Amino acid sequence: MARTGGFWKLHGDGSVPGPGAVVAPDERLSWPRTVGIGVQHVMAMFGATVLVPTITGFSPSTTLFFSAVGTALFLLLTRGRLPSYLGSSFAFLAPIAAAKAAGGPAAALGGIVVTGVLLALVGLLVQRAGSAWIDRLLPPAVTGTIVALIGLNLAPAAWGSVQAGPVTAVATIAAVVLSSVLFRGLLGRLSILLGVVVGYLVALVRGEVDFSKVDGAAWVGLPEFTAPSFDLSVIAVFIPVVLVLVAENVGHVRSVAALTGRDLDPLTGRALVADGLATTLAGLGGGSGTTTYAENIGVMAASRVYSTAAYAVAAAAALLLSLSPKFGAVIASVPAGVLGGAGTVLYGLIGVLGARIWVQARVDFSRPAVLTSAGVALVIGIANYTLTVGGLTFTGIALGTVAAVGLYHLMAALGRWRGTDPGDATGADRGREAAVEPASPASAPRPDLTR
């Protein structure tokens with residue numbers, strides 16, 4: 001196949017791939033078809049990407065702006081060989097809430113910046129030493145626990161929002177539940193977005209929506225940028241997010257490799273560095289941290305088009321949307337009752353996705369190292385245990401993560417020494433596929449955590 005004057009080779013005659021064929025990352029369809037696929041990617045990522053800033057109180061337009069910039073940066077650093085969209089990560093929800101309560105939005109942004117820098121450093125290490133050490137440090141037994149405690153730690157926040165508008169919250173939950181089982185394909189994957197839309201309409205009828213900021217917003221303009229501040233007392237709660245993002249990115253690389261039949265492991269380090277830099281940029285300007293998106297893997301699997309050209313189009317489209325302050329103001333006007341309903345479903349899904357990681361990896365809960373470390377960590381996370389050392393405060397997510405990693409490896413090592421726990425080669429060493437960012441099934445929304 002000859003090149004057509006750009007980075008991407010034209011796939012065949014530019015029409016949809018034939019039976020058994022796929023459009024490779026370095027190929028593209030005709031530009032009209034490529035634009036169409038790119039728009040599908042925007043639709044797939046949109047609901048989750050704007051829901052995070054809506055819940056956390058960040059600017060949706062700013063988050064969308066850095067999502068677009070981050071995706072473009074990802075494509076650049078991976079040399080256009082790894083198709084991926086970087087959207088808002090739900091792993092940041094609990095740390096942002098804790099940081100805002102302790103030090104305000106700027107402190108939360110500082111935590112996002114630190115998370116991005118650490119993730120980039122992990123990427124550099126993976127680039128030099130490979131990713132096998134990640135599998136040993138974070139086996140599915142540990143990763144599943146961390147994901148579960150992050151989701152369940154947010155349960156009180158969901159209840160608080162539900163109390164602000166219980167009728168609207170129930171309508172939102174009902175809409176999410178029904179759309180996830182009644183619709184197939186893309187609509188099924190957008191069930192949370194559809195639920196928010198229905199909840200918003202119910203809130204509108206009930207007079208719960210405040211349009212004051214929408215009326216005063218311009219149609220075209222730059223998003224609102226906010227500088228971070230750095231507070232050591234809240235940064236610790238963001239450290240567990242690094243572990244989740246590592247698992248998400250590694251799982252994403254391996255999922256795309258399986259779908260395309262290409263060896264993409266050499267790009268794992270670059271993917272981590274790219275996501276780390278994208279998250280850092282977002283934190284520096286007022287956006288939510290980013291991660292690779294499983295919904296977009298679903299679009300690729302359905303269309304058999306893995307062209308990174310489509311992601312370049314998606315990034316450009318998201319950038320254009322972010323340049324409308326009125327669009328951002330409409331999203332920001334979503335009332336608390338809607339957010340509480342969506343959060344009830346979403347936080348529960350994140351918690352259960354931790355269990356899904358255990359099931360897919362066939363984690364052996366007859367092992368004391370697995371059962372005890374998971375049980376202790378979950379109670380610490382759900383009850384939101386707090387430890388203050390000097391001027392530093394460690395909350396449930398940070399303490400639960402330390403308990404999950406530390407207890408598991410300590411108990412496993414002692415068990416091997418005493419011969420009481422020989423380990424589990426099937427569950428602990430299976431690899432990262434079971435710990436990928438929660439790749440949503442066709443009928444479920446994507447909660448962005450390992451995703």
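Fair warning: this is a prediction, and the values are worked out from it, not measured in the lab.
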Would you sort out whether Val313 and Ile37 count as a side chain to side chain contact (heavy atoms under 4.5 Å, CB included), showing the intermediate values? CA-CA 8 Å; Val313 170; Ile37 295 293; over 6 Å; no
Verdict with reasoning, Phe65 to Glu224, per side chain to side chain contact (heavy atoms under 4.5 Å, CB included): CA-CA 10 Å; Phe65 175 87; Glu224 178 184 354; over 6 Å; no
Between Trp358 and Phe365, does the side chain to side chain contact (heavy atoms under 4.5 Å, CB included) criterion hold? Intermediate values first, please. CA-CA 9 Å; Trp358 294 332; Phe365 279 92; 3.4 Å; yes
Stepwise, does the side chain to side chain contact (heavy atoms under 4.5 Å, CB included) test hold for Arg81 with Thr308? CA-CA 7 Å; Arg81 295 164 56 195; Thr308 53; over 6 Å; no
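Of the possible donor and acceptor atoms, none in the side chain of Ser288 sits under 3.5 Å from a partner among the backbone N and O of Ser88. Put simply, the side chain of Ser322 gets close to the backbone of Leu319: a donor and an acceptor are under 3.5 Å apart. In terms of modelled atom types and a separation under 3.5 Å, the side chain of Ser373 and the main chain of Leu407 share no donor-acceptor contact. At distances below 3.5 Å, not a single donor-acceptor pair connects side-chain atoms of Ser67 with backbone N or O atoms of Thr63. Under a 3.5 Å cut-off, the side chain of Gln360 and the backbone N or O of Ile357 do not form any donor-acceptor pair. At distances below 3.5 Å, not a single donor-acceptor pair connects side-chain atoms of Thr172 with backbone N or O atoms of Gly341. Listed for the Thr143 side chain is a donor-acceptor partner under 3.5 Å among the backbone atoms of Leu138. A donor-acceptor distance shorter than 3.5 angstrom exists from the side chain of Ser229 to the backbone of Ala107, with no hydrogens or angles considered. Lys100 places a side-chain N or O within donor-acceptor distance of the main-chain N or O of Thr56, the cut-off being under 3.5 Å.
Among residues two or more places apart in sequence or in another chain, the side-chain contact (heavy atoms from CB on, under 4.5 Å) test is passed with Leu284 by Val113, Pro228, Thr280. Partners of Thr268 under the side-chain hydrogen bond (donor to acceptor under 3.5 Å, both in side chains) rule, at least two apart in sequence or in another chain, do not exist in this structure. Take Thr62 and apply the side-chain hydrogen bond (donor to acceptor under 3.5 Å, both in side chains) test, not counting sequence neighbours, and it matches Ser59. A search for side-chain contact (heavy atoms from CB on, under 4.5 Å) contacts involving Leu152 returns Ile382, not counting sequence neighbours. Contacts of Ser84 classified as side-chain hydrogen bond (donor to acceptor under 3.5 Å, both in side chains), with partners at least two apart in sequence or in another chain: His252. Evaluation of the salt bridge (charged side-chain N to carboxylate O under 4.0 Å, His left out) rule for Arg79 yields no partner, not counting sequence neighbours. Looking at residues two or more places apart in sequence or on another chain, you find no ring-ring contact (aromatic ring centres under 6.0 Å, His included) involving Phe74. In this view, Ser30 and Arg33 satisfy the side-chain hydrogen bond (donor to acceptor under 3.5 Å, both in side chains) rule, not counting sequence neighbours. Partners of Thr372 according to the side-chain contact (heavy atoms from CB on, under 4.5 Å) rule, which considers only residues two or more places apart in sequence or in another chain, are Val376, Met411. The side-chain contact (heavy atoms from CB on, under 4.5 Å) test applied to Ala314 returns His41, Val42, Tyr85, not counting sequence neighbours.
In this structure, Ala99 and Phe238 approach most closely via the heavy-atom pair CB-CE1, 3.7 Å. Smallest separation of non-hydrogen atoms from Gly343 and Ala158: C-CB, 4.1 Å. Listed here is the closest heavy atom pair of Leu194 and Ser179: CD1-CB, 4.0 Å. Nearest approach of Ala175 to Gly195, heavy atoms of both residues: CB-CA, 3.7 Å. Smallest separation of non-hydrogen atoms from Ala91 and Pro95: O-CD, 3.4 Å.
When side chains are defined from C-beta on, Val23 does not count as touching Arg28, because their heavy atoms never get closer than 4.5 Å. At a threshold of 4.5 Å between non-hydrogen side-chain atoms, the residues Phe92 and Val52 do not count as touching. You'll find the side chain of Leu109 reaches within 4.5 Å of the side chain of Phe58, heavy atoms only.
For the side chain to side chain donor-acceptor pair (under 3.5 Å) condition, the pairs that include at least one residue of residues 144-153, sequence neighbours left out, are Asn153-Asn384.
Put simply, OG1 on Thr34 and OH on Tyr311 are 13.0 Å apart, with the number rounded to the nearest 0.5 Å. Between the CG atom in Leu399 and the CD1 atom in Ile380 there is a gap of 6.5 Å [rounded to 0.5 Å].
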Got a list of side-chain donor-acceptor pairs under 3.5 Å for residues 269-279, not counting sequence neighbours?
| from | atom 1 | to | atom 2 | distance (Å) |
| --- | --- | --- | --- | --- |
| Arg270 | NH1 | Leu77 | O | 2.7 |
| Asp275 | OD1 | Thr290 | OG1 | 2.7 |
| Asp275 | OD2 | Asn249 | ND2 | 2.8 |
| Thr279 | OG1 | Asp275 | O | 3.0 |
| Thr279 | OG1 | Thr290 | N | 3.2 |
| Thr279 | OG1 | Thr290 | O | 3.4 |
| Thr279 | OG1 | Thr290 | OG1 | 3.2 |

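Counted by atom type alone, Tyr306 and Arg262 present zero donor-acceptor pairs between their side chains at under 3.5 Å.
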